[in-house]
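Worksheet: the structure to be examined is printed underneath.
Atoms within each ligand, like the ligands themselves, are counted from 1 in listed order.
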Amino acid sequence: MLESLDSQFSILNLVDNEFVPPKSNSYLDDIGPATGATIARVPDSDGRDVDAAVAAAQRAFQAWSRTPAEARSRLLLGLADLIERDADELARIESLDNGKTVKLARAMDIPRAVANFRFFATAILHDSSEAHLTNDAALNYTLHQPIGVAGLISPWNLPLYLLTWKIAPAIASGNCCVAKPSELTPLTAHRLAELVVEAGIPPGVVNIVHGLGPKVGDALTAHPGVPIISFTGGTETGAAVMRNAGPLFKKVSLELGGKNPNVVFADADFDEAVATSMRSSFANQGEICLCGSRIFVERPIFDRFLEAFVAKTRALRVGDPSDDATDVGALVSSAHLAKVSGYLGIAREEGEVLCGGGRPANLPDRLRGGYYLEPAVVRSDRTDCRVMQEEIFGPVVTLTPFDDEAQVVAWANGTRYGLSASLWTRDLERAHRVAAALRAGTVWVNTWLLRDLRVPFGGVGDSGVGREGGRESLRFFTEAKNVCVKMGERR
Ligand code: NAP
């Protein structure tokens, strides 16, 4: 596929294991963020394509939901092997489509897609169910049964990583699915579709419909034949999903935006806190929902931290995503670059931009049309301003000094979001105390983005509803049924 990419190359929808054009027969341009050039055409699908995909998934559900777990597991493991086989190609495609570095896609995105399938393929073999004995007179047990057709909607920042985080548990549990990737980054989803067919996953189990959120996503969330929706994306879009799904009483999981705090106490391992905070600020161009975009540093080490952090930020190499020497690639789109740059204008009014925020100098001619931005550090002593309250989702972080624990916990918790938080300290008691007090679905202590696929993952407040990951995903994608068996009188 990599060699075929150009402005005339069209990807197609996957319905019933057939590659089909959209009913509208029209396509959208897929722009490569590194150059600003069109690299492919994406189906501009609509409700008719969703109807066809849902019908295929409903047909497939009859057999797939009864396929033994061992057989489902073998098919998913085979798919994981194929992704691993093609990891290098997938990493390059992901980078071309999203603007992230090939280096990062190779180290994080693609291995995680492999792990998602392997994890859920084996989890279903080791899952167990509850039983309750009632007064020695009845035995209750719980069946966890697949639900039907799952609608899976994913964003552009971690395209294959998050798409497979949904497809794997959905189909491992015995559901069939209709997935809608972001139309900004559809290419690895298309390559995955080819691998689904090659792996021998039966027709209709995985269907992929490409296109715009307000058309395809809207049709999927409103479809009466789709009783379960797993959505990852922005908070406002999450509200639109709920408006469609609520009246139809769908089971819904929403993984939404964040404005995550990163709290550094004076007793922290300084070098490690600085190095990891660089990653948690700027990895993937800051386009990870878990990035720590608000850094709070205890006053005694604030100046030293600021100096080290700004120096390291200035030293980041921004540019060609295909070059392994590059640290920060391109933002995903010109619209997103404009949004992030707009926040830097606001930051100049609200605080002080200590470094970055401009276009990198000396970009080669080939990359002149790309969406690059020098990572920016903003000093802000106010916490109620827009740059500290609104999700920017780019390579922009704030630095704020704090004086005591109660103050920083209040500031850390003082946004509408509650996805994740990091804290840095060598004081064990404080680590546990502050971790318990932070309003977030995940708290990392002296680390960041250390993920175990068994743990519950999700947000509080405007960061989401529900939990996925491990058993939580298996429970989300199944319906619990209580079976109560009367045992009769003892003789
Ligand atoms: P987005 O605009 O909300 O889009 C997410 C997905 O929803 C895309 O596939 C999008 O399609 C689709 N969509 C748009 N409008 C829709 C509608 N009315 N109905 C149904 N689907 C619709 O988010 P994004 O800009 O792609 O991603 C960035 C956001 O995702 C950030 O807020 C980030 O924090 C969040 N995120 C959260 C997590 C988490 O785990 N909590 C992980 C990653 C990202 P189009 O692309 O065609 O618009």
Side-chain angles (χ1 to χ4, degrees), residues 28-31 42-47 50 97-98 100 108-109 112 151-166 178-186 189 208-223 226 229-246 250 252-260 283-293 331-333 335-337 339-340 390-394 415-420 440-442 449 451 455-469 472-473:
L28 305 158
D29 284 339
D30 181 13
I31 309 289
V42 196
D44 183 9
S45 311
D46 58 34
V50 171
D97 218 9
N98 168 275
K100 68 178 69 205
M108 180 179 77
D109 297 69
R112 176 58 188 276
L152 311 175
I153 301 177
S154 50
W156 48 257
N157 66 323
L158 302 169
L160 191 66
Y161 176 129
L162 288 173
L163 180 68
T164 55
W165 177 239
K166 297 182 183 304
V178 177
K180 191 214 99 58
S182 170
E183 111 281 350
L184 294 174
T185 53
I208 300 182
V209 181
H210 296 279
L212 296 167
K215 278 191 190 174
V216 178
D218 185 68
L220 193 53
T221 54
H223 200 295
V226 179
I229 301 285
S230 171
F231 170 85
T232 300
T235 296
E236 277 64 39
T237 319
V241 169
M242 272 305 222
R243 280 195 290 277
N244 276 352
K250 298 185 181 211
V252 177
S253 160
L254 301 176
E255 305 286 352
L256 308 177
K259 187 73 181 172
N260 310 309
N284 208 47
Q285 298 70 245
E287 296 166 334
I288 299 183
C289 54
L290 303 164
C291 276
S293 53
L331 299 198
V332 71
S333 66
H336 193 56
L337 175 63
K339 176 192 152 183
V340 176
E390 298 175 17
E391 186 185 40
I392 299 174
F393 212 56
T415 73
R416 62 195 280 227
Y417 297 108
L419 189 56
S420 70
T442 299
L449 206 58
R451 293 276 292 119
V455 305
F457 178 83
V460 301
D462 288 4
S463 288
V465 175
R467 292 290 178 275
E468 295 190 7
E472 305 278 344
S473 288

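- The only option from Ser253, Ser230, Ser473 that meets the side chain to side chain donor-acceptor pair (under 3.5 Å) definition with Lys166 turns out to be Ser230.
- In terms of modelled atom types and a separation under 3.5 Å, the side chain of Lys100 and the main chain of Ala283 share no donor-acceptor contact.
- To the nearest 0.5 angstrom, Ser182 atom OG is 9.5 Å from Asn98 atom CG.
- Taking each of Thr232, Thr237, Leu419 in turn, the one with a heavy atom nearest to atom 5 (C) of ligand 1 proves to be Thr232.
- Within the structure, ligand 1 has Gly211 among the residues with a heavy atom less than 4.0 angstrom away.
- Residue contacts with ligand 1: Val241 is placed with no nitrogen or oxygen under 3.5 Å of a nitrogen or oxygen of the ligand (distance criterion only).
- Polar contact check, Trp156 against ligand 1: a nitrogen or oxygen pair lies under 3.5 Å apart.
- At a 3.5 angstrom cut-off on N or O pairs, Thr235 does not count as close to ligand 1.
- Tyr417 OH to Lys259 NZ: the interatomic distance, rounded to the nearest 0.5 Å, is 8.5 Å.
- Residue-ligand proximity: Leu162 is placed with a non-hydrogen atom under 4.0 Å from ligand 1.
- Residues Asp46 and Lys215 come closest through the heavy atom pair CB-CD, 4.4 Å.
- Looking from atom 36 (N) of ligand 1 to the surrounding protein, the closest heavy atom is Cys289 CB, 3.6 Å.
- Closest heavy-atom approach to atom 14 (C) of ligand 1 among the candidates Gly233, Ala179, Gly213: Gly213.
- Counting heavy atoms under 4.0 Å from ligand 1, residue Glu287 does not touch it at all.
- Here the protein heavy atom with the shortest distance to atom 21 (N) of ligand 1 is Gly217 CA, 3.6 Å.
- The shortest distance between side-chain heavy atoms of Asp109 and Leu158 falls below 4.5 Å.
- For the atom pair Leu337 CG and Lys339 NZ, the distance stands at 12.0 Å (nearest 0.5 Å).
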